[in-house]
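The structure under discussion appears below in the form of C-alpha cells.
Each residue takes its place number in the sequence, starting with 1.
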Amino acid sequence: MLGIFKSLIAFFALFVVFVAAAPSPVTNAARFKQGLGPLKPKNLFKPTRRQGGSNPLSSSAPPIKAVIRAYDMSDSSNPSFLGYVAPIGDGLFGVTQDPAGATVIQTQLASLQPGNLDLVSPPYGGYPELGFSGLDPNLSPGSASIAYLSGTTSIPKYSPAVSTPDQSFTNGSQNEPTESAIWYLVDVATLEISPQWINSNGAAATTYLVYFTKLLYFLLSGDPATVRNVFGEYGANIPIRFNLDTVNVSV
C-alpha cells in the first residue's frame, strides 16, 4: 500500500513539472485567443536622461517641444498627477517621476487653436511618431481590443488604422494596425491633448485613454470595463488625461 502511495506522489510531481514547463503564448495575439492578459514589457528600465525630439515638422509654423504629464482621472473632480510619459522598454510607454527622463515630443499648436496635432518623438528604433498600435483595427463598446502607446511610422490624419511595423513588443517583426496623427489639442489654456482612434469604416471610435496599473503602460480602449473583466488583474486600468508641459523641457 505504501509503495502505491509513493508511486502516486512521484507521478503527481512529474505532472506538476510537466505543466510548469509548458510554454506560455509568446505573442499578445496568441494570449488573447486563449483568454489571457497582454504581456508585460520584458525590458523595463528607468530613463536616466531626457530623450530629445529632433525631427522637424513640415509646416511654416515654428514647432514647440514639450513633455507629457499624465493624470489619473479616477476622480475627475480631483485629478492626481501620475508622472511624465517615458519609454519603459519593448517600445511601450509608461511613466517616470523625473522630467529629465521623460520623452520630449515636438508638435505645432496650429496658432493655439484646438485641433489635430502630430506628435513627433525621438526615432526610437526608427519609429519617429508617437501613436498607437494594436491587434484589432477597431475599438468599440463591449470589445476587449486595445492599442498600445508606442513608437510608430507616420500615418495620415483621419486615416483608419494601417497595418505596418511598429515598435511595441514585436519591434517591427510583424505588421499591426497603427494610427499616429490622432492627437487633438482639447484645451488651449491647459494644453490638454487627447487621442481619437478611427475605426476601419472611417468613423470615430469610442476612445478611452487608460493606464494598465499592473503592466504599467498606456493604451487605448473602446471599453475599459470589458478589458478589466476579460483580462482580470492584468486588465486593471485607470482613466488618464494628458497635458503638454513646455516648462520642464531643456532645449
Side-chain angles (χ1 to χ4, degrees), residues 27-29 32 38 41 53 55 57-59 63 66 68 70 85 87-88 90-94 103 105-110 114-186 192-212 217-224 226-227 237 239-242 244:
T27 67
N28 275 326
F32 288 171
N55 291 1
L57 297 174
S58 56
S59 173
I68 303 174
V85 174
I88 60 168
D90 287 335
L92 302 174
F93 287 80
T103 293
I105 61 92
Q106 204 171 247
T107 189
Q108 290 159 328
L109 294 182
N116 192 263
L117 300 172
D118 285 312
L119 298 188
V120 176
S121 65
Y124 299 111
Y127 301 98
E129 300 273 336
L130 190 61
F132 291 87
S133 296
L135 301 173
D136 190 323
N138 299 304
L139 300 178
S140 62
S143 169
S145 295
I146 59 177
Y148 326 100
L149 181 63
S150 179
T152 69
T153 56
S154 181
I155 308 298
K157 295 179 181 180
Y158 319 119
S159 169
V162 175
S163 185
T164 182
D166 67 273
Q167 195 185 17
S168 67
F169 292 117
T170 60
N171 197 25
S173 64
Q174 66 183 47
N175 291 348
E176 294 184 314
T178 299
E179 298 185 17
S180 63
I182 62 173
W183 298 97
Y184 286 83
L185 177 65
V186 176
E192 178 186 349
I193 60 172
S194 181
Q196 174 60 68
W197 186 263
I198 303 297
N199 279 342
S200 56
N201 63 359
T206 300
T207 306
Y208 295 94
L209 176 63
V210 298
Y211 179 73
F212 269 156
Y217 55 81
F218 294 104
L219 61 141
L220 296 184
S221 168
D223 192 333
T226 295
V227 170
N237 62 79
I240 292 295
R241 187 188 78 204
F242 279 174
L244 297 180

Query raised in the report: How long is the span from the CG atom in L139 to the CD1 atom in I146, to the nearest 0.5 Å?
Result: 9.5 Å

Query raised in the report: Out of curiosity, K157 NZ to L117 CG, how far, rounded to the nearest 0.5 Å?
Result: 7.5 Å

Requested in this report: For E179 and I198, indicate whether the former's side chain and the latter's backbone hold a donor-acceptor pair under 3.5 Å.
Outcome: yes

**Report entry** Closest non-hydrogen atom pair between P177 and A161, with its separation
**Finding:** CB-CB, 3.7 Å

Query raised in the report: With side chains defined as the heavy atoms from C-beta onward, is the minimum distance between L220 and L209 less than 4.5 Å?
Result: yes

Query raised in the report: For the side chain of N199 and the backbone of N201, is there at least one donor-acceptor N/O pair under 3.5 Å apart?
Result: no

Requested in this report: Measure the spacing between CG of L92 and CG of L149 and express it to the nearest 0.5 Å.
Outcome: 8.5 Å

Query raised in the report: Do the side chains of T107 and L185 get nearer than 4.5 Å, heavy atoms only?
Result: no

Query - 4.5 Å side-chain heavy-atom contact, D223 and S143 - result: no

Query raised in the report: Do you know which of F218, W183, Y148 makes ring-ring contact (aromatic ring centres under 6.0 Å, His included) with F132?
Result: W183

Query raised in the report: Atom CG in L119, atom CD in Q106: separation rounded to 0.5 Å?
Result: 11.0 Å

Query raised in the report: Do the non-hydrogen side-chain atoms of V85 and I105 ever get within less than 4.5 Å of each other?
Result: no

Report task. Calculate, to the nearest 0.5 Å, the distance between atoms CH2 and OG1 belonging to W197 and T206 respectively. Result -> 14.0 Å

Query raised in the report: Is it true that a side-chain atom of N237 and a backbone atom of V210 form a donor plus acceptor pair closer than 3.5 Å?
Result: no

Requested in this report: Could you tell me which non-hydrogen atom of T103 sits nearest to which non-hydrogen atom of P87, and how far apart they are?
Outcome: OG1-CD, 3.0 Å

Query raised in the report: Could you give the distance from CG (L135) to CD (E176), rounded to the nearest 0.5 Å?
Result: 5.5 Å

Query raised in the report: Above 12 or not: heavy atoms from other molecules or residues under 6.0 Å from OH of Y208?
Result: no

Requested in this report: Kindly give the heavy-atom pair with the smallest separation between A66 and L244, and that separation in Å.
Outcome: CB-CB, 4.1 Å

Requested in this report: For residues T207 and Q196, report the shortest heavy-atom separation together with the two atoms involved.
Outcome: OG1-NE2, 3.2 Å

**Report entry** Atom of N138, atom of S145 and distance for their closest heavy-atom approach
**Finding:** O-CB, 3.6 Å

Query raised in the report: Which atoms form the tightest heavy-atom contact between P156 and A181, and what is the distance?
Result: C-CB, 4.3 Å

